[in-house]
Peer 1: 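Dropping the structure in here first, questions after.
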Amino acid sequence: MAATLRRFHGLRLLKSAPALNLQQAKNLSSAGSWASGNKKLIGAVGAITGGVGALLFALEQSVQASGGEVHSPAQNWNHKGLFDALDHQSVRRGYEVYKQVCSACHSMQYIAYRNLVGVSHTEAEAKAEAEQITVRDGPDDTGNYYNRPGKLSDYFPSPYPNEEAARAANNGAYPPDLSYIVSARKGGEDYIFSLLTGYHDAPAGVVLREGQYFNPYFPGGAISMAQVLYNEVIEYEDGTPPTQSQLAKDVATFLKWTSEPEHDDRKQLLIKVIGILGFLTVISYYIKRHKWSSLKSRKIVFVPKEK
């Protein structure tokens with residue numbers, strides 16, 4: 001046995017590992033301490049992040065629970081499905097409601113008449129709608145301002161020249177711009193529909209100031225906007241019965257479109273993406289089963305030639 005070990009040692013098959021010096025030991029110790037400290041730091045950051053998220057969630061739930069408004073129920077909208085587009089006839093009727101009712105107080109400064117083309121109106125119809133307004137333009141060649149009929153590039157007019165005039169006409173309350181109101185309010189179109197159809201007499205104990213009305217869906221219950229939608233308050237061009245719920249449903253759909261004009265395009269893109277991914281999945285499965293599997297499972301054998 002001793003002779004065998006001496007033979008291995010002579011061939012240098014058995015080698016002893018060199019001893020670590022002091023500097024190398026310090027480096028290993030510092031690396032281990034850094035790794036341990038890094039793990040503790042990541043754990044602390046994760047715990048703090050989770051705690052802050054839980055706190056924000058709890059505060060949100062407590063605010064919702066302590067709010068004085070009634071949460072709007074979910075409605076069965078035609079466009080809520082994964083592949084469902086907006087009801088464009090409803091969008092057109094909603095524009096009629098906005099034009100004849102809502103535009104008396106609310107502006108839509110981010111929507112132009114050209115946006116109606118191909119959605120709810122033809123180009124000729126949108127031009128006719130734009131020409132019904134008067135726009136102050138200029139200056140002309142002589143430096144004077146002038147009034148002209150509206151064009152497709154013009155935006156919906158504001159009923160008031162400035163915020164102060166709007167507040168003075170509405171007992172100090174400022175009617176918000178409706179361009180993105182569905183995206184700006186929690187509940188979206190459900191909130192708009194419930195708000196427009198949710199006016200009631202104030203219950204006992206609720207005191208309203210002059211010019212205020214009770215609506216349980218509005219935060220606090222006291223709203224400065226009077227009820228504006230009633231049965232047959234307007235007449236639709238297509239002959240649809242103008243009930244209060246129909247009016248609220250159509251204008252909520254219209255405001256959904258103004259808040260998300262890319263709604264239908266986004267869902268069309270989703271259909272294309274799903275179709276392309278499905279096709280690529282089938283092609284990948286075919287290549288895996290009939291092309292790559294034969295390469296993966298083949299066996300290469302080396303057979304030496306006989307001398």
Peer 1: State the CG-CG distance between Leu247 and Asn231, to the nearest 0.5 angstrom.
Peer 2: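 Taking CG in Leu247 and CG in Asn231, the distance rounds to 8.0 Å.
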
Peer 1: Are Arg92 and Glu237 close enough that some pair of their side-chain heavy atoms sits under 4.5 Å apart?
Peer 2: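 Arg92 vs Glu237: side chains touch.
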
Peer 1: Decide side chain to side chain contact (heavy atoms under 4.5 Å, CB included) for Ser179 and Ile111; before the verdict, give the C-alpha distance in whole Å, the side-chain angles of both, and the deciding distance to 0.1 Å.
Peer 2: CA-CA 7 Å; Ser179 301; Ile111 304 298; 4.2 Å; yes

Peer 1: Does His79 have any ring pair (Phe, Tyr, Trp, His ring centres under 6.0 Å) partners at least two apart in sequence or in another chain, and if so, which?
Peer 2: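 Ring pair (Phe, Tyr, Trp, His ring centres under 6.0 Å) list for His79, sorted by chain: Trp77, His263.
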
Peer 1: Would you confirm whether Glu125, through its side chain, and Thr122, through its main-chain N or O, come within 3.5 Å as a donor-acceptor pair?
Peer 2: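 Yes; at least one donor-acceptor contact below 3.5 Å.
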
Peer 1: Count I, L, V, M, F, W, Y as connected when their side-chain heavy atoms are under 4.5 Å apart, and connections chain through other members. Are Leu86 and Tyr236 then in the same cluster?
Peer 2: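 Shared cluster, yes.
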
Peer 1: Excluding sequence neighbours, so at least two apart, what forms salt bridge (charged side-chain N to carboxylate O under 4.0 Å, His left out) with Asp137?
Peer 2: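 If we apply the salt bridge (charged side-chain N to carboxylate O under 4.0 Å, His left out) test to Asp137, skipping adjacent residues, the hits are Arg148.
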
Peer 1: Is Val101 reachable from Trp257 through a run of hydrophobic residues whose side-chain heavy atoms are each under 4.5 Å from the next?
Peer 2: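 Yes, one cluster joins them.
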
Peer 1: Taking atom CD of Glu260 and atom CG of Asp265, what is their separation to the nearest 0.5 Å?
Peer 2: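 One gets 12.0 Å once the value is rounded to the nearest 0.5 Å.
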
Peer 1: Under 4.5 Å between side-chain heavy atoms, chaining through other members, with only Ile, Leu, Val, Met, Phe, Trp and Tyr counted: pull out the rest of the cluster around Leu269, sorted by chain and number.
Peer 2: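 Reading the cluster by chain and number, Leu269 sits alongside Val273, Leu277.
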
Peer 1: Could you work out, with salt bridge (charged side-chain N to carboxylate O under 4.0 Å, His left out) as the rule, every residue matching Glu131, not counting sequence neighbours?
Peer 2: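 For Glu131 there are no salt bridge (charged side-chain N to carboxylate O under 4.0 Å, His left out) partners, ignoring immediate neighbours.
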
Peer 1: State plainly whether one hydrophobic cluster holds both Tyr160 and Leu178, where clusters connect Ile, Leu, Val, Met, Phe, Trp and Tyr through side-chain heavy atoms under 4.5 angstrom apart.
Peer 2: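 Not linked; separate clusters.
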
Peer 1: Identify, with sequence neighbours excluded, every residue that meets salt bridge (charged side-chain N to carboxylate O under 4.0 Å, His left out) alongside Asp238.
Peer 2: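 Asp238 satisfies salt bridge (charged side-chain N to carboxylate O under 4.0 Å, His left out) with Arg93 once adjacent residues are dropped.
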
Peer 1: How close do Ala166 and Asn170 get, counting heavy atoms only, and between which atoms?
Peer 2: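 In this case the closest contact between Ala166 and Asn170 is O-ND2, 2.7 Å.
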
Peer 1: Under 6.0 Å from the CD atom of Glu262, do we count more than 12 heavy atoms belonging to anything else shown?
Peer 2: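 Correct, the count exceeds 12.
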
Peer 1: What distance separates Ser107 OG from Phe156 CZ, expressed to the nearest 0.5 Å?
Peer 2: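 Interatomic distance, Ser107 OG to Phe156 CZ, rounded to 0.5 Å: 11.5 Å.
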
Peer 1: Could you work out the complete set of other residues in the hydrophobic cluster of Val301, with links drawn between I, L, V, M, F, W and Y side chains under 4.5 Å apart?
Peer 2: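 Taking Ile, Leu, Val, Met, Phe, Trp and Tyr as members, Val301 shares its hydrophobic cluster with Val303.
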
Peer 1: At their closest point, which heavy atom of Tyr191 faces which heavy atom of Tyr217, and how far apart are they?
Peer 2: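 Closest approach of Tyr191 to Tyr217: CE1-O, 3.3 Å.
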
Peer 1: Any side-chain donor paired with an acceptor under 3.5 Å for Asp264 and Gln268?
Peer 2: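 Not at all, the side chains of Asp264 and Gln268 share no donor-acceptor pair under 3.5 Å.
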
Peer 1: Verify the ring-centre separation between His121 and Tyr95: is it less than 6.0 angstrom?
Peer 2: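 Ring centres of His121 and Tyr95 closer than 6.0 Å.
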
Peer 1: For Phe214, which fellow cluster members are found when Ile, Leu, Val, Met, Phe, Trp and Tyr are connected by side-chain heavy-atom distances below 4.5 angstrom, either directly or through intermediates?
Peer 2: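 The other cluster members (ILVMFWY side chains, heavy atoms under 4.5 Å, direct or chained) are Val206, Leu208.
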
Peer 1: Between side-chain atoms of residues 195-205 and protein atoms elsewhere (two or more places apart, or another chain), which donor-acceptor pairs fall under 3.5 Å?
Peer 2:
| unit_1 | atom_1 | unit_2 | atom_2 | d |
| --- | --- | --- | --- | --- |
| Thr197 | OG1 | Phe193 | O | 2.8 |
| Tyr199 | OH | Met225 | O | 2.7 |

Peer 1: Identify the two heavy atoms, one from Ser103 and one from Pro159, that lie closest to each other, and give their separation to 0.1 Å.
Peer 2: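 That closest heavy-atom pairing would be O-CB, 3.5 Å.
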
Peer 1: Mind checking the OG-CD spacing from Ser72 to Glu189? Nearest 0.5 Å is all I need.
Peer 2: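 Between Ser72 OG and Glu189 CD, I get 9.5 Å after rounding to 0.5 Å.
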
Peer 1: Walk me through whether Glu232 and Glu235 qualify under side chain to side chain contact (heavy atoms under 4.5 Å, CB included).
Peer 2: CA-CA 6 Å; Glu232 300 180 355; Glu235 292 185 2; over 6 Å; no

Peer 1: Among residues two or more places apart or on two chains, list those pairs meeting ring pair (Phe, Tyr, Trp, His ring centres under 6.0 Å) that have a residue in residues 131-154.
Peer 2: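 Sorted pair list comes back empty.
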
Peer 1: When you look at Leu55 and Val52, which way does the side chain to side chain contact (heavy atoms under 4.5 Å, CB included) test go after all the steps?
Peer 2: CA-CA 5 Å; Leu55 177 61; Val52 171; 5.6 Å; no

Peer 1: To the nearest 0.5 Å, tell me how far Leu255 CG sits from Cys102 SG.
Peer 2: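 So the gap between those two atoms works out to 7.0 Å.
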
Peer 1: For Ala126 versus Val117, what's the shortest heavy-atom pair and its separation?
Peer 2: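 Closest approach of Ala126 to Val117: CB-CG2, 3.7 Å.
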
Peer 1: What side-chain hydrogen bond (donor to acceptor under 3.5 Å, both in side chains) pairs are there with at least one residue in residues 109-120, not counting sequence neighbours?
Peer 2: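 For residues 109-120: Arg114-Tyr155.
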
Peer 1: Before you tell me yes or no, could you show the steps for Lys249 and Asp87 under salt bridge (charged side-chain N to carboxylate O under 4.0 Å, His left out), namely the whole-Å CA-CA distance, both residues' side-chain angles and the distance that decides it to 0.1 Å?
Peer 2: CA-CA 11 Å; Lys249 178 253 185 186; Asp87 184 354; 3.7 Å; yes

Peer 1: Following the transitive rule for hydrophobic clusters with a side-chain heavy-atom cut-off under 4.5 Å over Ile, Leu, Val, Met, Phe, Trp and Tyr, establish whether Val135 and Met108 coincide in one cluster.
Peer 2: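 Shared cluster, yes.
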
Peer 1: Is the side chain of Gln212 donor-acceptor paired with the backbone N or O of Arg209 at a distance under 3.5 Å, no angle test?
Peer 2: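 Confirmed, Gln212 side chain pairs with Arg209 backbone.
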
Peer 1: Between Tyr180 and Asp177 (side chain of the first, backbone of the second, donor and acceptor by atom type, cut-off under 3.5 Å), is there such a pair?
Peer 2: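 Judged by distance alone, no pair lies under 3.5 Å.
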
Peer 1: Taking all atoms of both residues into account, what is the closest heavy-atom pair of Val182 and Lys256, and its distance?
Peer 2: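 Distance-wise, the nearest heavy atoms are CG2-N, 3.6 Å.
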
Peer 1: Clusters formed by hydrophobic residues whose side-chain heavy atoms approach within less than 4.5 Å: which one holds Tyr286, and what are its other members?
Peer 2: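 Joined to Tyr286, directly or through intermediates: Ile276, Phe279, Leu280, Ile283, Ile287.
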
Peer 1: Yes or no on side-chain hydrogen bond (donor to acceptor under 3.5 Å, both in side chains) for Asp250 and Ser90, after CA distance, side-chain angles and deciding distance?
Peer 2: CA-CA 5 Å; Asp250 290 335; Ser90 182; 2.7 Å; yes

Peer 1: With rounding to the nearest 0.5 Å, note down the distance linking CZ in Arg185 to CG in Asp190.
Peer 2: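 That separation rounds to 15.0 Å.
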
Peer 1: Using salt bridge (charged side-chain N to carboxylate O under 4.0 Å, His left out) as the criterion, list what pairs up with Lys267, not counting sequence neighbours.
Peer 2: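 Expected list: none.
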
Peer 1: Counting only heavy atoms not in Arg289 (residues, nucleotides, ligands), do more than 12 fall under 6.0 Å from its CZ?
Peer 2: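 Not buried by this count: 12 neighbours or fewer within 6.0 Å.
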
Peer 1: Treating Asp154 as the side-chain partner and Lys151 as the backbone partner, does any N or O pair qualify as donor plus acceptor under 3.5 Å?
Peer 2: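 Yes; judged by distance alone, with no hydrogens or angles, the pair exists.
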
